[in-house]
Structure formats: structure tokens, C-alpha cells
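Note that the coordinates shown come from a computational prediction; the quantities given were computed from them, not determined experimentally. Ligands are counted one by one from 1 in listed order, and the atoms in each one are counted from 1 as well. Only this structure's heavy atoms are used, side chains among them; waters, hydrogens and symmetry mates stay out.
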Amino acid sequence: MAMKLSTLFLSQGLSGLNSKPYNGRLPLSSSYRLFPASCKMRQRNLSSPHKRQQLKKASHEPLTNGDFDPNSDSASTASVPILNQESMSKDEVPNSITTEHDDAKDLSDVLLLNQARVRALEDLEKILAEKESLQGEINTLEMRLAETDARIKVATQEKIHVELLGDQLQQLRNELTPKDSGESQNNRLNEQVSLPHESGMTNLTMELDSLRSENLSLKNDIEKLKQELCHVKRTDERVIMLEDERASLESALKDLESKLSVSQEDVSKLSTLKVEYKNLVEKVENLQVLLDKATKQADQAITVLQQNQELRKKVDKLEESLEEVNVYKLSSEKMQQYNDLMQQKIKLMEDRLQRSDEDIHSYVQLYQESVQEFQDTLNSLKEESKKRALDEPVDDMPWEFWSRLLLMVDGWLLEKKISTNDAKLLREMVWKRDGRICNAYMACKEKNEREALPTFLRLTSSPTSPGLYVIHIAAEMAPVAKVGGLGDVVTGLSKSLQKRGHLVEIVLPKYDCMQYDQIRDLRVLDTVVESYFDGRLYKNKVWVGTVEGLPVYFIEPLHPDKFFWRGQLYGEHDDFKRFSFFSRAALELLLQAGKKPDIIHCHDWQTAFVAPLYWDLYAPKGLNSARICFTCHNFEYQGIAPASELASCGLDVDQLNRPDRMQDNSAHDRVNPIKGAVVFSNIVTTVSPTYAQEVRTAEGGRGLHSTLNFHSKKFAGILNGIDTDAWNPATDDFLKVQYSANDLQGKAENKEALRRMLRLSSAGVRKPLVGSITRLVPQKGVHLIRHAIYRTLELGGQFVLLGSSPVPHIQREFEGIASQFQNHDDIRLILKYDESLSHSIYSASDMFIIPSIFEPCGLTQMIAMRYGSIPIARKTGGLHDSVFDVDDDTIPLRFRNGFTFLTPDEQGVNNALERAFNYYRNNPESWQQLVQNVMTLDFSWDSSASLYEELYSKAVARAKAAGRP
Ligand SMILES: Nc1ncnc2c1ncn2[C@@H]1O[C@H](COP(=O)(O)OP(=O)(O)O)[C@@H](O)[C@H]1O
């Protein structure tokens, strides 16, 4: 019976489980801990393995529909690629191009969702297991209850039986009671009958009691079971809740999927935009080709023009001879014939001249038309893109970017670095996602806060003050007319000032030996400027063109001495005459063009005449809006000449050859153009702070220290920058392979390419290559350069020198060394000026040596660093301000960038060179880190240009305050 009941209960328990079959839907929940970990039923095991398998199978089913597998460890990761492909939806910005940031957000949403699903599935499994074991326990208890019931029934029947026996006994007693005499017998009989009956009763009562107590405990158990059943009920309710949650998560997933499809549409829109952009680029390229063609035609026109001129000369000569012929004409019949012949020839020539004139005209017209066409299209493209950039908010930056910007602006306001008004304007720009503030941020990304602030503040400055009008008058400008650093500075500083919103123009001599292919739209103006020299007026042709995006005026003097028709920039016997002429002609041009610059900036002794000429002659004539800034790039070259020579350009010798004006400090009959510029300029600068200190000492000042000390208030040293657009290994077209700090493989390839090109040995990739690019003049420490060549060889490195010397004996000496190493595996000397090769050497070399005796600024160390070549430099002037020794503990680690030495002798060179070689060989990883560091240092013109800007603005403000024009 008991067995049957237990079987019955067991089957009921299982069918109870079966009555709620698992339907294959996976409940999801965000609350993962539905059951306490201490749930006691977990220990008991009455679950059916078969059922569990069924459950598992059911829970796997959705996987086959491409859903998520909670049992797989790799489930979450396995789903990632699928999500990556599809998770481009963007729920925040409908109808706009999805950003990577949104993609990442969606991706993380879906991942979270999936993780929640996995956890919910795990919980569900646990719940089901708990439910099963609970069910099992109920079954056991029900079985026990049934057994107890059966036993109670038996006991009850036995009790009834005993009671019956009791009644019969009582009856027997009653029958025996009437006979008193027989009482004792009765009692004995009673004792005999009741003894077995009494003991049976006691047993029964005890059994009954035990059954009662068992019954009670069973009741308690039943009570407990009821409570647990309640638990199960609640669990079921939770399961239902989980299912609901799962349904809602599924609908969220669907939502995300629909958003994903929207974003995919956006992506397709983006690719259409890209195609449009490509088309535009192609158009611009076509226009470029058109322009190149037109330029070629113009070149042809110029050639024809030159031929024309030659023809004209021939015609002139013929005319001269015709005149001569005319003298003899009357006396000779033959002569008459000859004359006729000549006339015919002249006619012929004139016809040809006429034709070529027409040709030129049509070429020029064609050229001008195509230039115009190009300009128009370019302008409209620029306008269009400008409009787009300014009007439309920048959509392709993540919100995080704008928020960061906003916080940055707020930070500046709170730290009192900007005014409330500026902060308000900047905040508004961020709010509108204005392209200008985005550009400003991009431009300042790698700058520190002090450098970045002026860029942002310029955005808020009033549009009524667009900037300063600066005109440079100089003898050099890179890359068209460059001998050394001066050319780089004029271009680099001008470009940077232009970028900062100033109007910058440059006036240069029109040398015959310029890099004409670097000038765009060169044309001669249909006018001449007459300027005074040596007691009369000379005509000057004025050419205009753009160089590196800067407007440049080229002055071509029509002087019989052909001042700039010499095949070189400097080094002529009449340099004083040439450049004093040019200085005056340049000011004449500004005057006649009615220009009103704020600043006229002249450079070095060649254009130092501008300062006294301006104040003595041109300000009185009306060219009086400007302050004069003079920069001396090297005090070694002062252009000293006999005082009388000053008169040629119209300056008053008596007035100027005085100790407080232009008179040279060591020769009273000579004038010093540099001294004149120091005296007559409003601002005087040189090219590094250390050099500015050095030239104020007797050893460094080259005779001008007293003048500089006297004018120290207007004298400052500003470290030059480099043109980081022109000197950029990531975009440099001269390089075989472009590269950057993050990808140095290209640098290694350039090294290999240079070795091949110069026929150097390629054995040993880790053989250090030392470079040197320099004018070979005593200032540069030529004897130390020579020593470094031999020492490098001894140390097992390679050495490449690119340089030339204006000093004949130095040039000869180096030619000797060059031929000594002509076919050497590790040494090569190239004794010429070669811009393209210089780029290759900067990129290929591991180290770069600059052992200067003095160095006003020096650009090569900065260029070398930009190309990942570690400088080995003597601590002097600008080198002292830009190269900091790797082993110098007084310098913060992040600023250390090279190897330096103080004493300009062989020992100094040896020490620095050996330390560099050891570092390179023994710490390749640190070396690579050093290379990457120096490549990211900021040597751009930005900070230096802002210092110039400051000096300019102060000078202009002072003039305004003093009521000057
Ligand atoms: N032989 C050469 N070929 C090409 N570029 C050269 C040569 N010599 C010097 N340069 C370039 O001239 C500039 C030198 O500037 P800098 O270091 O200031 O010296 P400096 O102005 O005294 O000559 C650098 O741009 C350097 O690359």
C-alpha cells in the first residue's frame, strides 16, 4: 500500500512538472539574482536527467535561429563580429551620418543586451533546477504523508478492535459481580482476565500516542510543504515576469535593428558624398593640369619674347649698319643695292617680329584665359567649401569632442585665463558645432595651453580688426631665392603670420638665378617704378607672383650694371651698391603703390638701408604708416663700406656718418648698415635668445655690442621656427618613402635608398649614418666637421656631407677630402647646393652634426629632429636654445633631444659623437623612443610668430598712443 502511494505521488510530481512544459522561449531579466544562493533545496536531487536534457535542448533551440548561445563561453565574443558589421545604427541623431562613436554605443548596447540575455538564461536554468528539486521534495513528503495516513487507518481499526475487546471484558465482569462469596475468587479471576488485557491496552495507547505525534509531525511537514508550494508559485510568477522582460528586450533589439538599417542608409549616403568629393578633387586636378599647360604656354611665350628681344637687338644692329650704309649710299651704286637688300631684310625681320608678337599675344591671352578660368573655378570651389564649412555645423565629430571643448573653455574661464565674454562666444561656437572652433582645436592639438589660447581668442576678436599689414623686404626667400636660413625664415614667418590672419607681402630682387618653377602666376606689371640712384632716376620693372601661397613683388632694376643678373645672390664686388639700390627701389614701390603697411620688416645688412631710408626720405614723402622691424640673422655680416658709398641711394652721408647713427664703431670713415638699422628701427630682433645675449658681449658682438646695449630696450632674441609644411616627412615629395613618428619603417627605407644612391655600403642596417648639411664657412666649425668625418669612420659609422663654400681654400680642402673618399663604402661628400638631396639626407641620417663655433639660430638641427635624426651640436646661440643633452640631469627628461658639447674642439666632438654611437648601439629601444620624441617636438613657427606679432602690435600701439599716423 505504502509502495503504491509513493509511486502515485512520484508520478503526480513529475506530471506536475510536465503540466508546465518548457515552451522554448527564453526569459530575460535585468535582475539576475532571483534566488538566494543559500537555497536549501539545491542539495536534494529528485530531478529527472531526462527532463533536464529536454530543458537544455529547448534552451538551445533559439540558437539555431541565429540567436545567442548562453552556454558557449565564446558566445558573447562570437556575436561581436556580426554586431560589428551591423551595429552602425544611431539612435540619437536620425537622418545624419552615423559616427563611429554612435556605432560604438550601439554595439555596446547590443552587447549589454546579449549579456543580460545570457545571464537571464543562466538564472532560468537555476530556477528550473530549483523547481525540479522542490518538486522532488514535495513528492517525498507526499509519499510519507500517504504512508502515515495508512498507518493511522490501521491504528484506528486496531483501536476499535481493542475497544470492542474492552466492552466484552466489561460484560464478563458484570456477569461475575452478584456472587459476594466468590469475590475473592472473582478478584483472582479478574486479575487472571485483566492482566493480559491491561498490558495490551497500554501498548495500544503508546502506539496511538506515537502515531499521534507522528501525525502531528506529518501535519507540520505538510504545512511546510504548503509554504514551499507557495514559493514555487511565486517562482512561477517570476518566470512569467522574466518572460515579459525578455519580450520587451526583444522589441528593444528589433528597434535597434531598425535603427541599424537607417544608419546603413546613412552610410550609403556618405559613400555618395565621398564619390562627389572625389569628382571635385578630379575637377581641381584637371584644372591644375590646365594651369600647368597654360604655364607652359606662358613659358613658351617668354621664350618667344626672348627670341623677339634678340631679334629686336639684331634689328637695332641692322638699323645701325643701315645708317652707316646710308653714309656711303650716294657714293656707290653697289651700296645702294646693298641698302635695298638690307631694307628687304629688315622688312622680313619686322614681319617675323610682327608675327611673333601676335603669337606671344595669343599665347598670353590663352594663358590669361586659362588662369582666369582656373582662378574662377578655384574661387567658386573655395567659396563653396568655405560657406559649407562656416554655415554648416560640423557633424562628423563625436559629441565627446564637443563636450571636451566645452569643458576646456569652461576651465579657462574658471581659471581666469579668458574673459567671460570670450568664454560665452567660444561656448556658443561649440554649441553650434562651428567649424572654426573645430579647426582651431585641430590646429592646436599638439600645443600646450599657453600656445593654444591665442588661437582660440582670435576667434572671438572683433571682425573690425582683421590683423596687421606686414611687408617684408628681403634678399632671400625659400624656396625661390635661398642661400641659407634667412630664406627659410622669411617664408616660414610670413606663412605663419598669414595663417594668423595678417596681410603679408614680400618684396625681393628679381634675380636671374631664382627657382622660377617655384613661382606661380609670375607676370610683369604694365608699369615701371622709377627710383633714385647715383644722382638720377632708374626705371624698375615690377613682377608679381605667388610663392608658397604668399604674394611677392620682384623688382628688376633697368640699370646698366644689371644688378641682379649675376648668376648668384651675393658675393659680388658691388653688393653694397646692389642692395642699397634695391632697398630704395622697394620703398619707392610701396610709396607709388600707395600702400599703408603697419610694419615694414627688413632683414640682414642687405636690406638694412630700408630703416634710415624710410625715416629720412620716405616717411616725409607720405609712406608713414609703418613701424620698422629689423632682424639680424647673423652679426658676422655687417656690409661695412666707405661712408661715401651711402650717398648713391640718396642718404645724407654727413648726417649719417656719425657715431650715434651709421658710423662703424671701429672705422670712422666707414658706415655700417646693420648699425644704421639698429639705430633707425622701432623693433630690432635676432634669431635666438642666447645669441641675443652673446652679441651684447665684446666677444660676440662683432663691434656692435655697445650699440646693441645702448638700444637694448627694443632688442630681443626670438628663436626661429621651421616651415613644418615644407619640412614634413609625412608629406615630403622629395623622399622615397614618407613616414612619421608612428611608422619609422619609411625612415629605414630612405636610409637604404640614400646609401644606394650615393653608392655607400648597405651592409649593416644598424650602422649609424651621420649627416651634415651646411654652408662650409668658419662659423660652422669646418675643421670640426672634417674631424667628425674621420672619427665617424673610426667608430664604424657612415658620414654624408652636403655643403659648399664661398671661401675658396675651404672649398678646395673639402674637394680634396671628397676625392679621397670618392669610392669609399662609408663616406660621401657632395659639394654643392641641392635642396632635394638635403631632404633625403635629413630623412636617411640617424644623427646630424652641427659643431658650430657660433650659431645665431641654426635651422638644420630643427629640421633634422623633424626627420628623426638626432642632433649632435655645440652649445652656442640657437643650438643652445634648441638642443638639450640626453645626459643632462638639469633638463626635464621630455625635453632632452640630442648630444651636446661646449668646447669647440676635437675632444668635444669625440665625446658627443661617442656617446651618441654608444646610445644608438647599446639602447636600440631607447634610441627609437628618442627618435619618436624629437619628431613630435614643436619647432613650427607658431609660437615664434606669436612673439613677432606681439612685438609688432606693441610698436603699432605705441605709435598710435603717441598720435603718430
Ligand atoms: N648645400 C646645401 N644644399 C641644400 N640645402 C642647404 C645646403 N646648405 C645649407 N642648406 C640649407 O640651408 C639652411 C641652413 O640654415 P641655417 O642652419 O640657419 O644656416 P645658415 O643660415 O647659417 O646657412 C637649411 O635649410 C639647410 O637645409
Side-chain angles (χ1 to χ4, degrees), residues 474-493 515 518 548 568-571 603-606 631-637 686-688 690-691 717-729 732 734-735 754 758 771-782 785 800-807 810-811 814-815 818 828-845 848-867 869 871 873-874 876-883 939 941 944:
E476 283 185 49
M477 181 190 187
V480 282
K482 171 178 157 182
V483 173
L486 168 61
D488 289 316
V489 172
V490 170
T491 307
L493 175 59
Q515 305 287 310
Q518 303 282 351
E548 299 278 313
Q568 61 178 8
L569 269 62
Y570 316 126
H603 301 261
D604 278 350
W605 76 263
Q606 288 87 352
T631 297
C632 183
H633 298 253
N634 193 334
F635 280 89
E636 189 175 45
Y637 308 107
T686 190
V687 288
S688 72
T690 298
Y691 188 58
I718 299 177
L719 192 71
N720 285 335
I722 55 169
D723 183 347
T724 43
D725 293 334
W727 297 109
N728 184 358
D732 193 333
F734 287 116
L735 302 190
L754 184 79
L758 298 181
S772 170
I773 300 171
T774 182
R775 288 182 300 121
L776 290 165
V777 289
Q779 172 206 333
K780 302 288 179 182
V782 279
I785 293 175
V800 174
L801 168 82
L802 172 64
S804 60
S805 183
V807 186
I810 299 177
Q811 179 73 13
F814 274 81
E815 278 166 1
R828 199 65 76 238
L829 277 70
I830 305 103
L831 301 178
K832 61 171 180 179
Y833 186 94
D834 188 334
E835 187 70 28
S836 156
L837 183 57
S838 77
H839 287 244
S840 305
I841 295 173
Y842 284 122
S843 71
S845 53
F848 199 90
I849 191 154
I850 319 115
S852 301
I853 306 305
F854 72 94
E855 189 63 71
C857 175
L859 299 177
T860 56
Q861 77 280 11
M862 301 187 205
I863 303 170
M865 284 190 259
R866 181 120 171 102
Y867 283 70
S869 181
R874 155 124 206 276
T876 177
L879 294 170
H880 182 269
D881 293 332
S882 55
V883 184
F939 287 117
W941 263 101
S944 307

For [atom], what's the nearest protein heavy-atom neighbour? Residue, atom name and distance, please.
{"atom": "atom 17 (O) of ligand 1", "value": "L859 N, 2.9 Å"}
{"atom": "atom 23 (O) of ligand 1", "value": "R775 NE, 2.7 Å"}
{"atom": "atom 14 (C) of ligand 1", "value": "G485 N, 3.8 Å"}
{"atom": "atom 5 (N) of ligand 1", "value": "Y833 CE1, 3.4 Å"}
{"atom": "atom 19 (O) of ligand 1", "value": "K780 NZ, 3.0 Å"}
{"atom": "atom 1 (N) of ligand 1", "value": "K832 O, 2.9 Å"}

Using a strict cut-off of 4.0 Å, indicate which atoms of ligand 1 neighbour a heavy atom of [X].
{"X": "T774", "value": "8 (N)"}
{"X": "G803", "value": "1 (N)"}
{"X": "I863", "value": "25 (O)"}
{"X": "Y842", "value": "26 (C), 27 (O)"}

Exam field: side chain [X] to backbone [Y], donor-acceptor pair closer than 3.5 Å:
{"X": "R866", "Y": "T724", "answer": "yes"}
{"X": "R874", "Y": "I853", "answer": "yes"}
{"X": "S688", "Y": "P856", "answer": "yes"}
{"X": "S843", "Y": "S840", "answer": "yes"}

Task: Between CD1 on residue I810 and CG on residue L831, distance to nearest 0.5 Å - done: 12.0 Å

Specify side chain, backbone, both or neither for [X], according to which of its non-hydrogen atoms lie closer than 4.0 Å to ligand 1.
{"X": "K482", "value": "side chain"}
{"X": "D488", "value": "side chain"}
{"X": "D834", "value": "backbone"}

- [ ] Would you sort out whether S882 and Q861 count as a side chain to side chain donor-acceptor pair (under 3.5 Å), showing the intermediate values?
- [x] CA-CA 8 Å; S882 55; Q861 77 280 11; 3.0 Å; yes

TODO: Please tell me if the side chains of F734 and L837 come closer than 4.5 Å, counting only heavy atoms from C-beta onward.
DONE: no

- [ ] Taking the six-membered ring for Trp and the single ring otherwise, decide whether the centroids of W727 and F939 are under 6.0 Å apart.
- [x] no

Task: N/O separation below 3.5 Å, I773 to ligand 1 - done: no

Open item on the list: Please tell me whether Y867 and D732 have a donor and an acceptor in their side chains that are separated by less than 3.5 angstrom.
Closed with: yes

TODO: Check the side chains of E835 and Y833 for a donor-acceptor pair under 3.5 angstrom, ignoring hydrogens and angles.
DONE: yes

Open item on the list: Could you check whether any heavy atom of C857 sits closer than 4.0 Å to an atom of ligand 1, since that is the contact criterion I want to use?
Closed with: no

